[in-house]
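Order of the sequence lines sets the chain letters (A, B, ...), proteins ahead of strands, with each chain counted from 1.
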Amino acid sequence: DAEITQSPRHKITETGRQVTLACHQTWNHNNMFWYRQDLGHGLRLIHYSYGVQDTNKGEVSDGYSVSRSNTEDLPLTLESAASSQTSVYFCASSDPYGTQYFGPGTRLLVL
Amino acid sequence: TQLLEQSPQFLSIQEGENLTVYCNSSSVFSSLQWYRQEPGEGPVLLVTVVTGGEVKKLKRLTFQFGDARKDSSLHITAAQPGDTGLYLCAGAGGSARQLTFGSGTQLTVLP
(Lines give C-alpha, C1' and ligand atoms only; values in the text may rest on other atoms or scores of the structure.)
Protein backbone atom coordinates (compact mmCIF):
# COMPACT_ATOMS: atom_id res chain seq x y z
CA ASP A 1 0.00 0.00 0.00
CA ALA A 2 1.16 3.54 -0.76
CA GLU A 3 2.12 5.59 2.24
CA ILE A 4 3.89 8.67 3.51
CA THR A 5 6.52 8.36 6.22
CA GLN A 6 8.44 10.83 8.34
CA SER A 7 11.64 10.45 10.30
CA PRO A 8 12.62 10.86 12.99
CA ARG A 9 9.35 10.71 14.93
CA HIS A 10 10.90 12.56 17.85
CA LYS A 11 13.92 14.86 17.93
CA ILE A 12 15.60 16.93 20.63
CA THR A 13 18.19 19.46 19.51
CA GLU A 14 19.97 22.54 20.75
CA THR A 15 19.55 26.13 19.68
CA GLY A 16 21.72 26.97 16.68
CA ARG A 17 22.09 23.44 15.33
CA GLN A 18 21.02 22.47 11.83
CA VAL A 19 18.25 19.87 11.74
CA THR A 20 16.79 17.96 8.80
CA LEU A 21 13.43 16.22 8.92
CA ALA A 22 12.79 13.55 6.31
CA CYS A 23 9.57 12.94 4.39
CA HIS A 24 9.09 10.06 1.93
CA GLN A 25 5.95 9.20 -0.02
CA THR A 26 5.18 6.26 -2.27
CA TRP A 27 1.94 7.71 -3.70
CA ASN A 28 3.87 9.14 -6.68
CA HIS A 29 2.22 12.50 -5.98
CA ASN A 30 3.71 15.64 -7.53
CA ASN A 31 2.47 17.93 -4.76
CA MET A 32 4.12 17.82 -1.33
CA PHE A 33 3.76 20.08 1.69
CA TRP A 34 5.33 20.77 5.07
CA TYR A 35 3.23 22.13 7.96
CA ARG A 36 3.82 22.90 11.58
CA GLN A 37 1.10 22.41 14.16
CA ASP A 38 0.95 24.47 17.33
CA LEU A 39 -1.85 24.74 19.85
CA GLY A 40 -4.35 27.38 18.79
CA HIS A 41 -2.88 27.78 15.31
CA GLY A 42 -4.00 24.64 13.51
CA LEU A 43 -1.75 23.67 10.62
CA ARG A 44 0.43 26.38 9.11
CA LEU A 45 2.13 25.91 5.76
CA ILE A 46 5.93 26.16 5.80
CA HIS A 47 7.01 25.16 2.28
CA TYR A 48 5.51 23.28 -0.62
CA SER A 49 6.53 21.72 -3.91
CA TYR A 50 4.58 20.98 -7.07
CA GLY A 51 7.23 18.76 -8.61
CA VAL A 52 10.91 17.94 -8.91
CA GLN A 53 13.13 21.03 -8.59
CA ASP A 54 10.10 23.16 -7.63
CA THR A 55 9.93 24.70 -4.14
CA ASN A 56 7.80 27.54 -2.78
CA LYS A 57 7.53 29.47 0.48
CA GLY A 58 4.46 29.14 2.61
CA GLU A 59 2.99 31.25 5.38
CA VAL A 60 5.76 30.61 7.95
CA SER A 61 8.90 29.86 5.90
CA ASP A 62 11.50 31.98 7.74
CA GLY A 63 14.29 29.77 9.12
CA TYR A 64 13.29 26.75 7.02
CA SER A 65 14.31 25.40 3.62
CA VAL A 66 13.36 22.44 1.43
CA SER A 67 14.74 20.72 -1.64
CA ARG A 68 13.04 18.42 -4.14
CA SER A 69 15.50 16.25 -6.06
CA ASN A 70 13.03 13.43 -6.76
CA THR A 71 9.28 12.78 -6.62
CA GLU A 72 9.34 10.74 -3.41
CA ASP A 73 11.23 12.99 -0.97
CA LEU A 74 10.88 16.51 0.43
CA PRO A 75 13.33 17.02 3.32
CA LEU A 76 12.80 20.03 5.59
CA THR A 77 15.89 21.75 6.98
CA LEU A 78 16.02 24.12 9.93
CA GLU A 79 19.15 26.11 9.19
CA SER A 80 19.81 27.23 12.78
CA ALA A 81 17.23 25.85 15.17
CA ALA A 82 15.47 28.29 17.48
CA SER A 83 13.24 27.62 20.50
CA SER A 84 10.33 29.12 18.55
CA GLN A 85 10.63 26.20 16.15
CA THR A 86 9.65 23.70 18.83
CA SER A 87 6.55 22.17 17.30
CA VAL A 88 5.01 19.13 15.64
CA TYR A 89 5.85 18.96 11.95
CA PHE A 90 3.66 17.23 9.37
CA CYS A 91 4.50 16.33 5.81
CA ALA A 92 1.72 15.75 3.29
CA SER A 93 1.27 14.91 -0.36
CA SER A 94 -1.86 15.49 -2.41
CA ASP A 95 -3.63 13.65 -5.19
CA PRO A 96 -4.93 15.35 -8.36
CA TYR A 97 -8.29 15.97 -6.62
CA GLY A 98 -6.70 17.99 -3.81
CA THR A 99 -6.98 15.43 -1.04
CA GLN A 100 -3.95 15.64 1.22
CA TYR A 101 -2.41 12.55 2.80
CA PHE A 102 -0.43 13.22 5.94
CA GLY A 103 2.52 11.51 7.54
CA PRO A 104 2.51 10.63 11.25
CA GLY A 105 4.40 13.78 12.26
CA THR A 106 7.75 14.64 13.85
CA ARG A 107 7.78 16.12 17.34
CA LEU A 108 10.72 18.54 17.58
CA LEU A 109 12.01 20.08 20.80
CA VAL A 110 14.63 22.84 20.56
CA LEU A 111 16.41 23.49 23.85
CA THR B 1 -4.40 35.72 2.89
CA GLN B 2 -7.42 33.50 3.28
CA LEU B 3 -8.43 32.82 6.88
CA LEU B 4 -10.72 30.15 8.28
CA GLU B 5 -12.22 30.60 11.73
CA GLN B 6 -13.37 27.45 13.42
CA SER B 7 -15.65 27.29 16.45
CA PRO B 8 -15.83 26.18 19.11
CA GLN B 9 -12.17 25.54 19.84
CA PHE B 10 -12.99 22.97 22.54
CA LEU B 11 -16.14 20.91 23.02
CA SER B 12 -16.80 18.32 25.71
CA ILE B 13 -20.13 16.48 25.61
CA GLN B 14 -21.79 13.34 26.90
CA GLU B 15 -22.31 10.27 24.75
CA GLY B 16 -25.57 10.48 22.83
CA GLU B 17 -25.65 14.28 22.51
CA ASN B 18 -25.65 16.15 19.21
CA LEU B 19 -23.13 18.83 18.26
CA THR B 20 -22.24 21.24 15.48
CA VAL B 21 -18.84 22.63 14.55
CA TYR B 22 -18.60 25.73 12.41
CA CYS B 23 -16.01 26.91 9.91
CA ASN B 24 -16.31 30.48 8.64
CA SER B 25 -14.39 32.76 6.31
CA SER B 26 -14.77 36.03 4.44
CA SER B 27 -13.16 34.35 1.42
CA VAL B 28 -14.72 32.12 -1.20
CA PHE B 29 -13.27 28.63 -1.52
CA SER B 30 -13.46 26.32 -4.52
CA SER B 31 -13.94 23.40 -2.13
CA LEU B 32 -13.81 22.69 1.55
CA GLN B 33 -12.47 19.62 3.26
CA TRP B 34 -12.96 18.23 6.76
CA TYR B 35 -10.22 16.22 8.42
CA ARG B 36 -10.08 14.33 11.70
CA GLN B 37 -6.87 13.92 13.67
CA GLU B 38 -6.20 11.51 16.52
CA PRO B 39 -3.36 11.95 19.04
CA GLY B 40 0.07 11.08 17.63
CA GLU B 41 -1.21 10.83 14.06
CA GLY B 42 -1.65 13.04 11.03
CA PRO B 43 -5.04 14.34 9.90
CA VAL B 44 -7.21 12.03 7.79
CA LEU B 45 -9.75 13.27 5.26
CA LEU B 46 -13.43 12.77 6.16
CA VAL B 47 -15.15 14.55 3.29
CA THR B 48 -14.81 17.15 0.54
CA VAL B 49 -17.67 19.50 -0.36
CA VAL B 50 -17.49 21.35 -3.64
CA THR B 51 -20.85 22.87 -4.58
CA GLY B 52 -22.46 25.76 -2.71
CA GLY B 53 -25.33 24.42 -0.59
CA GLU B 54 -24.04 20.86 -0.82
CA VAL B 55 -24.85 18.46 2.00
CA LYS B 56 -22.97 15.21 2.50
CA LYS B 57 -23.65 12.52 5.07
CA LEU B 58 -21.17 10.05 6.46
CA LYS B 59 -23.07 7.78 8.86
CA ARG B 60 -23.83 10.06 11.87
CA LEU B 61 -21.82 13.00 10.45
CA THR B 62 -23.48 15.61 8.24
CA PHE B 63 -21.38 18.17 6.38
CA GLN B 64 -22.78 21.29 4.74
CA PHE B 65 -21.13 23.84 2.45
CA GLY B 66 -22.62 27.32 2.55
CA ASP B 67 -24.43 28.69 -0.49
CA ALA B 68 -21.73 31.33 -0.99
CA ARG B 69 -18.93 28.77 -0.44
CA LYS B 70 -17.51 30.81 2.44
CA ASP B 71 -18.55 28.64 5.35
CA SER B 72 -19.22 25.06 6.34
CA SER B 73 -20.56 23.07 9.24
CA LEU B 74 -20.12 19.59 10.65
CA HIS B 75 -23.01 18.11 12.64
CA ILE B 76 -22.64 14.91 14.62
CA THR B 77 -25.75 13.08 15.75
CA ALA B 78 -25.69 10.90 18.86
CA ALA B 79 -21.98 11.35 19.49
CA GLN B 80 -19.96 8.37 20.64
CA PRO B 81 -16.61 8.20 22.50
CA GLY B 82 -15.02 7.01 19.25
CA ASP B 83 -15.81 10.44 17.74
CA THR B 84 -13.28 12.03 20.09
CA GLY B 85 -10.54 13.83 18.19
CA LEU B 86 -9.42 17.09 16.59
CA TYR B 87 -11.62 18.17 13.69
CA LEU B 88 -10.06 20.47 11.11
CA CYS B 89 -11.67 22.28 8.23
CA ALA B 90 -9.55 23.26 5.24
CA GLY B 91 -10.41 25.48 2.31
CA ALA B 92 -8.96 25.16 -1.18
CA GLY B 93 -8.34 28.24 -3.30
CA GLY B 94 -8.60 28.52 -7.05
CA SER B 95 -5.80 26.09 -7.88
CA ALA B 96 -7.09 23.62 -5.28
CA ARG B 97 -3.53 22.52 -4.65
CA GLN B 98 -3.02 24.50 -1.45
CA LEU B 99 -5.21 24.31 1.61
CA THR B 100 -5.87 26.89 4.32
CA PHE B 101 -6.61 25.15 7.62
CA GLY B 102 -8.82 26.30 10.43
CA SER B 103 -7.44 26.20 13.98
CA GLY B 104 -9.39 23.06 14.79
CA THR B 105 -12.07 21.88 17.23
CA GLN B 106 -10.99 19.47 19.94
CA LEU B 107 -13.99 17.22 20.62
CA THR B 108 -14.21 14.99 23.67
CA VAL B 109 -17.16 12.63 24.00
CA LEU B 110 -17.54 11.27 27.51
CA PRO B 111 -19.05 7.81 28.06
Tell me, for Q9(B) versus chain A, whether the close heavy atoms (under 4.5 Å) come from the side chain, the backbone, both or neither.
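Looking at Q9(B), just its side chain touches chain A.
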Taking all non-hydrogen atoms of both residues, which atom of Y48(A) and which atom of Q98(B) are closest, and how far apart?
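In this case the closest contact between Y48(A) and Q98(B) is OH-NE2, 2.9 Å.
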Decide if atom CD of E79(A) counts as having more than 12 heavy atoms of other residues, nucleotides or ligands within a radius under 6.0 Å.
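More than 12 within 6.0 Å, yes.
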Just wondering, are more than 12 heavy atoms of other shown residues or ligands nearer than 6.0 Å to CG in L110(B)?
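Result for CG/L110(B): enclosed.
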Same apolar cluster: [X] and [Y], side chain cutoff 4.5 Å:
X	Y	answer
L74(B)	V109(B)	yes
Y22(B)	Y87(B)	no
L61(B)	L11(B)	yes
V50(B)	F63(B)	no
L99(B)	F90(A)	yes

Considering only heavy atoms, which portion of L45(A) lies under 4.5 Å from any heavy atom of chain B: side chain, backbone, both, or neither?
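Contact with chain B involves the side chain of L45(A) alone.
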Return the option, out of P43(B), G104(B), G42(B), G40(B), with the maximum number of heavy-atom pairs under 4.5 Å with chain A.
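Ranked by contacts with chain A, first place is P43(B).
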Check: G42(A) main-chain N/O paired with Q6(B) side-chain donor or acceptor under 3.5 Å
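No, Q6(B) side chain to G42(A) backbone: no donor-acceptor pair under 3.5 Å.
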So which residues of residues 15-38 of chain A are in contact with chain B at a heavy-atom cut-off of under 4.5 Å?
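Within residues 15-38 of chain A, the residues under 4.5 Å from chain B are N31(A), F33(A), Y35(A), Q37(A).
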Can you pull out the residues in residues 103-111 of chain A with any heavy atom less than 4.5 Å from chain B?
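When heavy atoms of chain B are the reference, residues 103-111 of chain A contributes G103(A), P104(A) within the under-4.5 Å range.
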Could you check whether any side-chain heavy atom of F102(A) comes within less than 4.5 Å of a side-chain heavy atom of Q37(B), counting everything from C-beta outward?
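Contact flag for F102(A)/Q37(B) side chains = no.
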